[in-house]
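Structure in structure tokens, see below.
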Amino acid sequence: MRTRLRQLSSFAVGLLAVVTLSGAAFALDSDNAAAAAIGSTILLFIFGLALVGYVYMALALQTIAQKTSTRNAWLAWIPIANIILMLDIAKKPMWWILLFFIPLVNVIVAVIVWMGIAKARNKPDWWGILTIVPVANIVVPGYLAWAD
């Protein structure tokens, strides 16, 4: 686990360095150096937030899978496979993965799946409904993963 986190963090640092250096190189060649520097900083910040969010969700989902004794908890780190893991935790049929690719239907299915995950963790079903509330959807996976 720690080795994977070290590899991920070293990859992220390298990628951030490439993005920053490419922004700096662009700033040297253009007339709008300040705009290029600000743009690359904003891009770097957004990328950093996305990376932190991805790691948080993957760790939370992996922890939930381990606590529910679900096989292949490492699937939480693979983008499409984590949906399969969520369906496995919630004990929903695997063909539901197709429903995740239909706009608007995917929101309803995600709420139902998170309700099943909450039930698997012996928490109230309404924790799954909170995934559609903007700030609560950040808290719900962490609560389901690390609350006893």
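None of these values were measured; they are calculated from a predicted model.
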Check the pair Ile112, Lys92 against side-chain contact (heavy atoms from CB on, under 4.5 Å), reporting the backbone distance first and the verdict last. CA-CA 9 Å; Ile112 293 170; Lys92 302 295 179 194; 4.0 Å; yes

Hey, quick one: are Leu104 and Ile132 part of the same hydrophobic cluster, counting side-chain heavy atoms closer than 4.5 Å, chains of contacts allowed?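 Different clusters: Leu104 never reaches Ile132 through Ile, Leu, Val, Met, Phe, Trp or Tyr contacts under 4.5 Å.
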
Discussion item. Looking only at the side chains, is there a donor atom on one of Gln62 and Trp74 sitting less than 3.5 Å from an acceptor on the other?
Written reply: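 Side chains of Gln62 and Trp74: no pair found under 3.5 Å.
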
Apply side-chain contact (heavy atoms from CB on, under 4.5 Å) to residues Tyr143 and Lys123 and explain how you reach the verdict. CA-CA 10 Å; Tyr143 174 76; Lys123 305 290 183 206; 3.8 Å; yes

* Asked: Under the 3.5 angstrom rule, does the side chain of Tyr56 hit a backbone N or O of Ile138 as a donor-acceptor pair?
  ->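 Here the side-chain-to-backbone pair exists.
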
Worksheet item: If you draw a 6.0 Å radius around NZ in Lys67, do more than 12 non-hydrogen atoms from other residues or ligands fall strictly inside?
Response: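 Check passes, neighbour count above 12.
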
- Do Ile83 and Ile97 come within less than 4.5 Å of each other through their side chains, counting heavy atoms only?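 Yes. Closest side-chain heavy atoms under 4.5 Å.
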
I'd like to know whether Leu144 forms a side-chain contact (heavy atoms from CB on, under 4.5 Å) with Trp114, so could you lay out the CA-CA distance, the side-chain angles of the two residues, the decisive distance to 0.1 Å, and finally the verdict. CA-CA 10 Å; Leu144 292 176; Trp114 276 106; 3.8 Å; yes

Angle between ring planes, Trp77 versus Tyr54, binned at 30° and 60°: parallel, tilted or perpendicular?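 Rings of Trp77 and Tyr54: perpendicular, as their planes differ by over 60°.
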
| message | Could you measure the distance from the CD1 atom of Ile117 to the CG atom of Leu85? Nearest 0.5 Å is fine. | response |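 The CD1 atom of Ile117 sits 8.0 Å away from the CG atom of Leu85.
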
field: Beyond-backbone contact of Leu59 with Trp146, side-chain heavy atoms, under 4.5 angstrom
entry: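 When only atoms from C-beta onward are counted, Trp146 and Leu59 do touch, with a gap below 4.5 Å.
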
- Message: Distance check, rounded to the nearest 0.5 Å: Asn106 atom CG versus Leu98 atom CG?
- Response: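 Going from the CG atom of Asn106 to the CG atom of Leu98 covers 12.5 Å.
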
Check whether any side-chain heavy atom of Leu87 lies under 4.5 Å from a side-chain heavy atom of Phe100, and answer yes or no.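 Touching, per the 4.5 Å side-chain cut-off.
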
For residues Leu61 and Ala76, report the shortest heavy-atom separation together with the two atoms involved.
->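 Taking every non-hydrogen atom into account, CB-CB, 3.9 Å.
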
- Message: I'd like to know if the side chain of Arg71 reaches the main chain of Asp88, judged simply by a donor and an acceptor atom lying under 3.5 Å from each other, with no hydrogens or angles considered.
- Response: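 Side chain of Arg71 to backbone of Asp88, a donor-acceptor pair under 3.5 Å: no, none is there.
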
